[in-house]
Amino acid sequence: MSYTLTTPLYYVNDRPHLGSTYTTLACDAIARFQRLNGQAVTFITGCDEHGLKIMRTAEAAGLTPQAHCDAISERYRDLWNRWQISNDRFVRTSDPRHHQVVEQFFARVEASGDVIEGRQQGWYCVACEEFKDDPHESDDPECAIHRRPLEWRDEVNLFFRLSRYQQQIEALVAQEGFIAPASRRREVQNFVAGGLKDFSISRVDLPWGIPVPGHPGHTFYVWFDALLGYLSALLKPGQPVELEALLHQGWPAQLHVIGKDILRFHAVFWPAMLLSAGLELPRTVFGHGFLTREGQKMGKSLGNVLDPELLLDRCGRDAVRWYLLRDIPFGDDGDFQQQRFSDLVNNDLANTIGNLLNRTSSMARKWFEGAVPPAGAAALADHPLALAALAAAERFQQAMAILEFRTAAESVLQLAIGANGFLNDNAPWKRMKTTGEEGRVGEDLYAVLETSRWVGLLLAPLLPDLSSRLLEQLAQAPIDSSSNPLASPTPWQQALRWGALSPGLTLPEPMPVMQRLELDGPL
RNA sequence: GGCUCGGUAGCUCAGCUGGUUAGAGCGUGGGAUUCAUAACCCCAAGGUCGGGAGUUCAAGUCUCCCCCGAGCCA
């Protein structure tokens with residue numbers, strides 16, 4: 001059982017932004033979920049470091065391209081560490097071993113007869129690293145996306161014969177589940193139906209790139225080389241570079257998670273390259289949406305960029321993860337709204353989930369000698385909260401499996417809401433005043449404590465930190481979702497059994513597991 | 001210009017193959033309560049389901065036209 005998933009390899013043109021953080025957090029939740037369910041996960045992320053744009057950015061900063069890439073990629077690595085991203089690999093395309101992978105891959109593609117020489121003529125946007133098909137203006141065309149002047153190119157390049165794969169790609173793209181969410185499939189299908197054209201895979205006079213073997217003066221086009229990073233990432237430290245070996249250690253990838261803007265590269269060009277090289281295709285390409293902020297696009301010109309480092313420092317991992325995963329439909333565009341952000345975090349995490357445990361633990365400690373009360377009938381599988389917990393877990397599993405984080409989060413939240421309601425209905429604080437009712441009170445408290453344990457468990461892939469704190473308050477070991485499982489069923493799966501909380505267990509002093517977010521002023 | 005995806009309560013969204021009084025969360029207003037992180041629980045407020053026409057016994061849910069937003073291709 002092996003599950004490989006990837007984030008895009010982030011282009012090191014600039015420091016990490018919220019978009020890449022969003023993608024990476026989502027992948028992290030998926031990776032953790034898969035591990036908890038027994039999969040041996042290889043979670044890949046990394047940086048894409050070649051190309052003219054990088055070279056110029058480095059130049060402008062007075063650095064060599066390598067020094068620039070070292071610095072930026074380090075920021076990514078550092079940021080992911082601080083977010084506690086559980087990636088297994090961090091690949092860099094300037095790594096010498098990646099060069100070897102690219103060379104071997106190219107040799108296969110060339111052997112398939114898919115590399116030809118061609119003349120590339122047209123307007124080029126350095127920021128996109130793409131030729132623009134047909135800019136209207138004749139004199140000084142601009143890139144519509146970057147609003148920067150296009151550069152005229154006329155050079156002899158190597159081309160990949162994408163056109164030969166027309167039928168195979170058409171079939172692939174039409175396949176249920178290959179492109180997700182399904183709403184994005186049409187767009188790609190239309191593009192493919194328009195006829196695939198060979199695309200250039202090399203550049204001349206671009207020193208910051210991987211030299212094309214047998215073609216002096218040519219370096220590989222960034223995208224050709226960057227996509228292959230997914231393969232390089234599978235190499236183990238010190239392992240000799242051999243493409244064939246990767247087939248036994250994680251390839252094909254189960255899932256590429258990307259932003260919707262690069263869907264075409266992943267769903268069309270990449271599979272064709274793999275077909276040409278005789279390698280298996282990834283199972284799913286998921287193109288998620290973009291984040292806006294208070295209804296506006298984030299951008300330097302607007303000065304409204306939300307910095308992930310600042311967000312982390314001021315709000316913490318749990319809050320941001322919860323908001324992004326629980327409130328923004330994964331796949332669609334989403335809007336970051338600060339008011340809603342703090343409302344949701346405070347309501348869901350602090351008030352509903354945190355306070356549930358806090359109030360129950362307090363009562364148990366006060367009336368049952370600081371310990372988990374005797375379970376009695378509450379340990380039975382037909383207890384209303386047992387049924388609720390089971391139903392929530394099922395819904396959670398189903399939703400996570402199809403990347404519907406919102407539904408998954410919602411199911412956990414509903415479980416906690418139900419438990420709060422249960423407490424109010426049974427009012428143990430009232431009952432406690434009547435003699436002879438302790439047994440019943442104990443059962444009710446046990447049921448809610450047990451429910452809280454389930455909440456803590458289910459939260460593990462989404463909010464590993466909060467999950468640990470929740471479990472700690474229940475004297476339970478934290479759940480490790482960052483390393484691959486050794487046993488089957490996994491400890492997590494084993495823990496998801498109603499009644500596993502031991503009566504008599506000493507409860508630690510209640511401490512709020514989630515601080516309310518008090519943001520004065522905009523982030 | 002062609003195509004794709006959206007337009008449902010103040011906000012973010014659910015509403016499967018058409019069928020009882022259109023739902024949830026947040027926000028707002030009221031009530032109840034004291035175990036708890038001024039938390040929790042209950043109740044309410046009514047949105048011509050973007051607009052128009054059509055199909056049907058019946059349409060938010062299908063068809064056509066139009067308007068608005070986002071995007072892809074030209």
Side-chain angles (χ1 to χ4, degrees), chain A residues 132-136 144-145 173 179 181-197 259-264 267-268 287-292 294-297 322-324 326-368 373 395 399 404-407 409-414 416-433 441-442 444-445 448-449 452 469 473 509-518:
Chain A
K132 296 292 161 181
D133 284 338
D134 175 44
H136 312 300
I145 300 168
V173 153
I179 294 175
S183 53
R184 297 207 192 288
R185 190 162 70 208
R186 266 292 162 64
E187 209 162 279
V188 178
Q189 279 182 299
N190 287 345
F191 171 75
V192 176
L196 295 176
K197 283 180 281 190
K260 60 181 182 178
D261 56 329
I262 53 176
L263 186 55
R264 190 185 307 164
V268 178
H288 73 247
F290 290 148
L291 295 175
T292 51
E294 313 293 347
Q296 287 196 302
K297 264 184 189 167
W322 181 253
Y323 176 61
L324 294 178
R326 123 103 222 231
D327 201 43
I328 293 171
F330 196 53
D332 296 352
D333 289 344
D335 189 35
F336 189 103
Q337 297 175 334
Q338 187 168 324
Q339 186 62 52
R340 187 164 171 79
F341 170 44
S342 65
D343 281 347
L344 286 186
V345 167
N346 292 342
N347 278 303
D348 301 346
L349 263 26
N351 298 351
T352 300
I353 291 176
N355 184 50
L356 172 69
L357 174 58
N358 197 251
R359 67 196 294 211
T360 314
S361 176
S362 295
M363 287 187 273
R365 278 170 53 93
K366 199 174 296 179
W367 304 322
F368 292 88
R395 218 157 80 91
E404 287 193 4
F405 304 118
R406 298 175 79 213
T407 312
E410 184 76 14
S411 73
V412 183
L413 190 61
Q414 283 306 326
I417 289 173
N420 271 318
F422 177 85
L423 276 181
N424 279 65
D425 291 345
N426 293 288
W429 49 91
K430 229 178 243 171
R431 230 179 219 129
M432 210 44 205
K433 292 171 183 161
V441 168
D444 288 348
L445 295 183
V448 178
L449 287 172
S452 295
R469 272 178 275 130
Q473 285 277 291
E509 186 179 343
M511 298 269 289
V513 289
M514 190 69 202
Q515 291 302 332
R516 296 171 60 84
L517 221 44
E518 309 286 357

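What's counted below: heavy atoms across the whole structure, side chains too, no hydrogens, waters or symmetry copies. Letters A, B, ... mirror the listed sequences (proteins, then strands); counts begin at 1.
Nucleotides B:U33 and B:C43 have their C1' atoms positioned 15 Å apart, rounded to a whole Å. Comparing B:G52 with B:G23, their P atoms are spaced 23 Å from each other, to the whole Å. Between B:C67 and B:A9, the two C1' atoms lie 22 Å apart (nearest whole Å). B:A70 and B:C62 have their P atoms separated by 24 Å, with the value rounded to a whole Å. Rounded to whole Å, the P atom of B:A74 lies 46 Å from the corresponding atom of B:A22. As rounded to the nearest Å, B:G6 and B:C64 have P atoms that lie 15 Å from one another. For the C1' atoms, the distance from B:C11 to B:A58 is 33 Å, rounded to whole Å. Here, B:G69 and B:G27 have their P atoms 31 Å apart, quoted to the whole Å.
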Would you list the protein and nucleotides 1-3 of chain B atom pairs, both N or O, that sit under 3.5 Å from each other?
from: B:C3; atom 1: O2'; to: A:Asn190; atom 2: ND2; distance (Å): 2.6

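Environment of CZ in A:Arg365: crowded, with over 12 heavy atoms of neighbouring residues, nucleotides or ligands closer than 6.0 Å.
For A:Asn347, no side-chain nitrogen or oxygen approaches OP1 or OP2 of B:A39 to under 4.0 Å. When the side-chain nitrogen and oxygen atoms of A:Arg516 are compared with OP1 and OP2 of B:A39, one or more of them lie within a distance under 4.0 Å.
Across all strands, A:Met514 comes closer than 4.0 Å to base atoms (heavy-atom distances). Within the 4.0 angstrom heavy-atom criterion, only backbone atoms of the sugar-phosphate kind lie near A:Arg326; the bases stay farther away. Within 4.0 Å (heavy atoms only), A:Gly421 reaches sugar-phosphate atoms of the nucleic acid but no base atom. Within 4.0 Å (heavy atoms only), A:Arg264 reaches sugar-phosphate atoms of the nucleic acid but no base atom. Residue contacts for A:Leu445: at a heavy-atom cut-off of 4.0 Å it reaches no nucleic acid atom on any strand shown. Using a 4.0 Å heavy-atom cutoff across all strands shown, A:Arg406 reaches sugar-phosphate atoms only and no base atom. If you check every strand for non-hydrogen atoms under 4.0 Å, A:Val188 touches nothing.
Comparing B:U37, B:C26, B:A14 by their closest approach to the side chain of A:Asp332 singles out B:A14. Residue A:Gln337 has its side chain nearest to B:U12 when only B:U12, B:U4, B:C73 are considered.
Remark: A:Arg516 CZ to A:Asn355 CG distance equals 10.0 Å, nearest 0.5 Å. In this structure, the separation between CZ on A:Arg184 and CD on A:Gln189 is 14.5 Å, given to the nearest 0.5 Å. To the nearest 0.5 angstrom, A:Arg395 atom CZ is 7.0 Å from A:Gln414 atom CD. Distance CG/A:Leu517 to CH2/A:Trp322: 14.5 Å, rounded to 0.5 Å.
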Pairing pattern in dot-bracket form [Watson-Crick, G-U; both distances under 3.5 Å; | = partner strand] for RNA chain B: (((((((..((((.....[...)))).((((.........)))).....(((((..]....)))))))))))).
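Under the 3.5 Å distance criterion, the side-chain polar atoms of A:Tyr323 are left unmatched by any main-chain donor or acceptor of A:Arg340.
Between A:Phe191 and A:Leu196 there is a side-chain heavy-atom pair separated by less than 4.5 Å. Counting heavy atoms from C-beta on, the side chains of A:Met363 and A:Val448 never come closer than 4.5 Å.
The residue among A:Leu413 and A:Asp261 whose nearest nucleotide of RNA chain B lies closer to the 5′ end is A:Leu413. Both A:Pro512 and A:Asn351 lie near RNA chain B, and the one whose nearest nucleotide falls closer to the 5' end is A:Pro512.
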Per-nucleotide protein contact string for nucleotides 29-36 of chain B (B base, S sugar-phosphate only, - none; heavy atom under 4.0 Å): ----SSBB
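When each of A:Val345, A:Leu344, A:Asp348 is tested with A:Asp327 by the rule side-chain contact (heavy atoms from CB on, under 4.5 Å), just one qualifies, namely A:Leu344.
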